[in-house]
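Notes for the one structure printed next.
Not measured: the values here are computed from a predicted model.
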Amino acid sequence: MPDPLVALDPDEPGQTPPPRLSVRGLTKRYGDELAVEDLSLEVAPGEILGLVGPNGAGKTTTLRSIAGILPIQHGQVLVGGYDIARDEARAKSQLAWVPDDPQPFDSLTVAEHLEFTAHLYRVSDWRARAAELLELFELTDKRDALGGELSRGMRQKLAFCSAWLAHPGVVMLDEPLSGLDPRGIRAARQAISDLAGSGVAVVLSSHLLELIEALAGRLLIMDRGKAVFTGTLAEAREQIAQGQASSLEEIFLAVTEGDDEPERAAQ
């Protein structure tokens, strides 16, 4: 079966490539609690979408639903054109997910994790690329260390290596800089930017608003399970800050802490 993403030729005049990720009307409940309500979003090839919101806004639930970890109750998630609920294997083959606290297998070494990932995603000739990624994320000297021996920051770096190695069309990152030292943060920021530059669609969720402001081309601000703003930072300044050169932090606070007026303006 051909990849639905090749249905359009991006070089053909008047045509644009379809989104790598499309979420339509996603709704998730935990009992009587509404965690995510009627959420829709799209992420194009090469785009970084910054997902921000206060604690409990529904960000991680959204990411876990897109990744297929949580079942889809209502709505639709398409990854690379494949429905995550109806064509799970193909959809997940297009997707890599880095949670906020990755938990590798205790009994596999770093190198074995990458070998497992390569086989899982059917990546051929992967060893040279794996070596490059271990060097990039400063894990070369830990290639024989067991997953259970790794520090928080090293687990994060291993998750990066595995996600990058898979050659996915979509990469989702939840608080990707947690546990990293300054050198690791610098490498991760550049690697995320380069990943998008290669055509991968990236969803970046973080409370580090400076990171979002620096890397994301578009923003999705969530509050209480709803999208209260979607657009560029320039559009946020125009709609929410009346054209003033406000920081993302100021815009974030205006949308999520004010009365209903900023929220209505953002919509």
Side-chain angles (χ1 to χ4, degrees), residues 1 3-5 7-8 16-100 163 166 168-176 196 200-206 212 216-232 235-236 239 252 255-256 260 263-267:
M1 179 177 179
D3 186 335
L5 288 176
L8 290 180
T16 56
R20 292 278 182 183
L21 174 65
S22 179
V23 178
R24 303 166 185 168
L26 180 66
T27 299
K28 177 68 177 179
R29 289 182 177 274
Y30 295 104
D32 294 332
E33 180 182 352
L34 188 60
V36 179
E37 182 177 359
D38 195 25
L39 179 68
S40 296
L41 63 91
E42 290 187 345
V43 190
E47 180 180 24
I48 299 178
L49 176 69
L51 177 59
V52 297
N55 292 331
K59 304 184 302 297
T60 297
T61 295
T62 296
L63 295 177
R64 289 170 65 88
S65 296
I66 293 172
I69 298 169
L70 297 176
I72 304 296
Q73 292 178 336
H74 300 284
Q76 184 181 50
V77 174
L78 300 176
V79 184
Y82 298 113
D83 190 315
I84 192 76
R86 298 182 179 182
D87 204 348
E88 183 178 11
R90 283 194 174 99
K92 288 186 175 181
S93 72
Q94 303 280 324
L95 175 73
W97 152 246
V98 179
D100 60 341
V170 178
V171 171
M172 299 194 303
L173 307 166
D174 191 3
E175 297 293 351
V200 175
V202 178
V203 180
L204 173 59
S205 177
S206 180
I212 299 293
R218 280 194 309 126
L219 309 170
L220 171 58
I221 303 178
M222 294 185 66
D223 192 22
R224 302 172 204 174
K226 298 181 180 180
V228 295
F229 176 79
T230 304
T232 66
E235 290 169 341
Q239 295 180 34
F252 174 85
V255 171
T256 61
D260 291 339
E263 184 169 323
R264 284 197 292 271
Q267 293 174 334

- Message: Strictly distance-based, threshold 3.5 Å: is any side-chain N or O of Lys59 a donor or acceptor partner for the main-chain N or O of Ile221?
- Response: no
- Task: Report the C-alpha separation of Thr60 and Asp174 in whole Å, then their side-chain angles, then the decisive distance to 0.1 Å, and conclude whether the side chain to side chain donor-acceptor pair (under 3.5 Å) test is met.
- Result: CA-CA 7 Å; Thr60 297; Asp174 191 3; 3.0 Å; yes
- May I ask you to decide if Asp223's main-chain N or O and Thr256's side chain share a donor-acceptor pair within less than 3.5 Å? no
- Message: Determine whether Val77 and Asp83 satisfy the following criterion, side chain to side chain contact (heavy atoms under 4.5 Å, CB included), listing intermediate values before the conclusion.
- Response: CA-CA 6 Å; Val77 174; Asp83 190 315; 5.9 Å; no
- Item | Side chain proximity check, Val43 to Val203, heavy atoms < 4.5 angstrom | yes
- Rounded to the nearest 0.5 Å, how far apart are CD of Gln94 and CD1 of Ile84? 10.5 Å
- Message: Nearest 0.5 angstrom please: Arg218 CZ to Glu47 CD, how far?
- Response: 4.0 Å
- What one should report as the nearest heavy-atom pair of Val79 and Ala91 is CG1-O, 3.5 Å
- Grab the two heavy atoms, one from Ala227 and one from Leu39, that are nearest each other, plus how far apart they are. CB-CD1, 3.6 Å
- Query: Backbone N or O of Leu21 within a donor-acceptor pair of the Glu42 side chain at under 3.5 Å?
  - Reply: no
- Would you name the heavy atoms of Lys226 and Glu37 that are closest together and state the gap between them? CE-OE1, 2.8 Å
- Message: On a heavy-atom basis, which atom in Pro99 and which in Trp97 lie closest, and how many Å separate them?
- Response: CD-O, 3.6 Å
- Task: Taking the side chain as every heavy atom from C-beta outward, state whether Ile72 and Leu26 have any pair of such atoms under 4.5 Å apart.
- Result: yes
- Query: Which atoms form the tightest heavy-atom contact between Lys92 and Glu88, and what is the distance?
  - Reply: NZ-OE2, 2.6 Å
- Measure the shortest side-chain to side-chain distance between Leu51 and Met222 over non-hydrogen atoms and say whether it is less than 4.5 angstrom. yes
- Item | Arg24 and Ser22, any side-chain heavy atoms less than 4.5 Å apart | yes
- Message: With heavy-atom distances below 4.5 Å as the criterion, would you say the side chains of Leu219 and Val52 are in contact?
- Response: no
- Output yes when a side-chain donor or acceptor of Glu33 lies under 3.5 Å from a complementary backbone atom of Tyr30, and no otherwise. no
- Query: Is any side-chain heavy atom of Tyr82 less than 4.5 Å from a side-chain heavy atom of Ser93?
  - Reply: no
- Query: Which heavy atom of Ala201 sits nearest a heavy atom of Arg20, and at what distance?
  - Reply: CB-CB, 3.5 Å
- Would you check if the side chain of Thr230 reaches a backbone N or O of Leu220 as a donor-acceptor pair within less than 3.5 Å? no
- Test item: Ser206 and Glu175 side chains (from C-beta on) under 4.5 Å apart, heavy atoms: yes
For residues 62-69, dump all side-chain donor-acceptor pairs below 3.5 Å to protein atoms at least two apart in sequence or in another chain.
| residue | atom | partner | partner atom | Å |
| --- | --- | --- | --- | --- |
| Thr62 | OG1 | Gly58 | O | 2.8 |
| Ser65 | OG | Thr61 | O | 2.9 |

